[in-house]
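The first residue of the sequence shown is numbered 1, and numbering continues consecutively from there.
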Amino acid sequence: MNELLGFLAIGVSRGFVYGLLALGIVLIYKGSRTINFAHPYFGLLAAFLCWWMTDRAGFLPFAAGSRPRFALAALIAIGLVALNGYGIEHSMMRRLRGSPRLVMLVATIALAQGTVGIVTLLFNRDQDAANTSRTLPALLHVSFTVGNRVVTGADIQVFLTVAIVGICGGLFFRLSKFGVGIRAAAENGEAARLLGISIDRVSTFTWVVGSILAAIAGILITEVRNSLDIATLSTGFLVRGLAAALVGGLTSLPGAIIGGLVVGLAESLIQWQFSAPGVPETILFVVVLVVLLVRPGGLFGQREETEDKVSFVPTIRQLPARLRGTAGDLGTRYLAALVVIFMCLLSLVTGPSVNGIFISVVVFAIVGVSLTVLMGFSGQISLGHWGLAGVGAFTLADLFTRLHVPYLIALPASFVMGMIVALIIGFSALRIRGLYLAIATLAFNLAAEVFIFRSQIVGRSTRGVQITPPKLGPFDLYSPSHRPLFFLSVICLGLSLVLARNLARSRSGRGFFAIRENEKAAATLGVELTRYKLLAFAVSGGIAALAGAIAATQLGQAAAGDWDTGRSLLLVAMVMIGGLGSLSGAILGS
């Protein structure tokens, strides 16, 4: 019983922090209809700034590491992050307001990666800095015991902060005119504008306050965990915050706090029962999926009936028939073909380093083709495609190395396994759409990275599965020059392009495009939504798994650390850079 009480205390403390993080996500979503994937990374930036000013900066008063200096440093760090949120809203998000949500989503992904890059350059730029132990002191120097867990001053700070934020937020949104205006704008932006409510002011306010909440959450979770590192406050923190927001409801502010408590308690109780790493993330993925399938609006939110593909994925118009085949239509294709031909010729005279880079480019291009099929053709969104590539990598490794299946059989088998796993994920797309599906696929990638790929059955625990590339006739894939493997990867890219292009020209392709443009209208005209959605996921997953098999052959192993969730976010940005819906753009984007 004492042990259970101790884990419950841990869960409540962390859950309130997740609730604060989710509160900021919900607030920004209500104010600007944007899921801010950079939100937890603002907390990462605030925590590192606070640590540096508390422990290292020489321009602040009070002794280094003291509580008065920490209090001052925390205020400055929160203010800087709030200023950062203000600048982002004014310089970027306001200009993208009329864009499809996928464009805004990719913009926040870019902000997240940029924030991680800034933190790494400033605080983790060498091995000594990376190995530095970082902590933040608690302002309250009190403690007591609950079960076998010592409730520290950091935990009490969390409770007090959430109580203050909750009370002040409740009074503001119910009693102040501006708070009521924000609620009105969240319900119906056009009607609020007609009543004289400034949408610009609402958006600015929500981004600034949301950034402040992220900064507070980042500092508090650092105190609660008594450690500060990039891994703690990056993808895992993002998924927990999003899970809390979804469980509570993306349209409910009180639901965000309750959703955070649910996630925190669930995580703690799972750790109490299962000591294996990655189990909480996996069960969390299942819980989020079940909540979205049973109650898409969350426990306290309302389902958004206006969520549709046409408002999420950019509309892609085909050129008129009289312009097809002209220079404007063929230019991008020729450019992409020239890039591939140039790489093939250059690989004949370059060494293993450059050829290794070429292989990585082709692998990303194959994944780009798979995302084009799913997102560009059918309008479905996935933020977990690098996890599907990992499925192909481990399938190849297990079949070829552990079961001694010939390589030329294991390679297409990885394609089939990718189709099967993607098909399973695709069943959720029958009820979950848009942003909700994106977050569910992101949670899948995290669960695969930290648990499935580290399991004894799939990946031999954390060791991974080694691969010795074989010799296939004239192609010695183990050649130090990497040249034969590069040409094999180009062949796989060509096959993927042929498959995707023929699919686009078929009746199934026309069904994909109908769903992408307007799902409800397509259903009215007799398009079989279930069939085409599942087909898009299956084909896309198979192509992604093929790319993962090539990547694992290049690496000489299939290890969980190579299939990190952050890479999935970059892949979505890649296809947007190349041009969503363009197979040639997938190559250029890679």
Side-chain angles (χ1 to χ4, degrees), residues 17-18 20-25 27-28 34-57 59-60 69-93 105-126 129-130 132-137 154 157-158 161 165 204 206-242 564-566 569-570 573:
V17 177
Y18 299 153
L20 277 179
L21 187 68
L23 188 63
I25 293 174
L27 189 62
I28 291 176
T34 302
I35 291 285
N36 182 18
F37 274 71
H39 191 72
Y41 299 87
F42 295 164
L44 170 73
L45 179 62
F48 269 91
L49 287 173
C50 183
W51 166 79
W52 180 77
M53 287 186 286
T54 301
D55 198 66
R56 301 294 175 87
F59 59 86
L60 292 180
R69 177 183 272 210
F70 163 69
L72 181 59
L75 290 175
I76 295 175
I78 292 171
L80 290 174
V81 171
L83 186 62
N84 178 61
Y86 175 84
I88 289 171
E89 194 280 331
H90 268 255
S91 63
M92 181 182 297
M93 305 315 296
L105 188 71
V106 171
T108 63
I109 291 172
L111 289 172
Q113 297 300 322
T115 305
V116 172
I118 290 172
V119 171
T120 302
L121 287 173
L122 292 177
F123 305 106
N124 259 25
R125 59 183 176 273
D126 53 42
T132 301
S133 177
R134 304 180 180 93
T135 60
L136 292 176
Q157 284 175 205
V158 171
T161 303
V165 169
T204 300
T206 54
W207 270 87
V208 170
V209 175
S211 299
I212 290 173
L213 292 173
I216 295 173
I219 293 171
L220 289 177
I221 197 65
T222 301
E223 292 182 295
V224 170
R225 292 179 179 271
N226 199 31
S227 66
L228 173 60
D229 61 85
I230 294 178
T232 302
L233 292 174
S234 54
T235 308
F237 202 35
L238 168 65
V239 172
R240 285 165 174 80
L242 289 173
D564 58 290
T565 309
L569 302 179
L570 288 177

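The side-chain heavy atoms of Ile216 and Leu20, taken from C-beta on, include a pair separated by under 4.5 Å. Within the 4.5 Å cutoff, no side-chain heavy atoms of Arg225 are placed close to those of Val17. For the pair Ile25/Leu242, a side-chain contact is recorded, criterion being any heavy-atom separation below 4.5 Å from C-beta on. Side-chain contact between Tyr41 and Thr235: present, with at least one pair of heavy atoms (C-beta onward) separated by less than 4.5 Å.
In terms of heavy-atom proximity, Leu233 sits nearest to Gly43 at CD1-O, 4.4 Å. Shortest non-hydrogen contact noted between Ala57 and Arg69 is O-NH1, 2.6 Å. Annotation for Ala214 and Phe42: closest pair CB-CB, 4.1 Å, computed over non-hydrogen atoms. Shortest non-hydrogen contact noted between Ala47 and Gly218 is CB-O, 3.8 Å. Taking each heavy atom of Cys50 and Ala73 in turn, the nearest pair found is O-CB, 3.8 Å.
Rounding to the nearest 0.5 Å places CG of Leu27 at 10.0 Å from OG of Ser211. Atom CD1 of residue Ile28 and atom NE2 of residue His39 lie 5.5 Å apart, to the nearest 0.5 angstrom. Interatomic distance, Leu60 CG to Ile76 CD1, rounded to the nearest 0.5 Å: 5.0 Å. Taking CG from Asn36 and CG from Leu238, the interatomic distance works out to 9.0 Å, rounded to the nearest 0.5 Å. The distance from atom OG1 of Thr132 to atom CG of Asp229, rounded to the nearest 0.5 Å, is 12.0 Å. Taking CZ of Arg134 as the start and OG1 of Thr54 as the end, the distance is 13.0 Å to the nearest 0.5 Å.
No side-chain donor-acceptor contact under 3.5 Å links Thr232 to the backbone of Leu228.
Every residue meeting the ring pair (Phe, Tyr, Trp, His ring centres under 6.0 Å) condition with Phe48, not counting sequence neighbours, appears here in chain and number order: Phe123.
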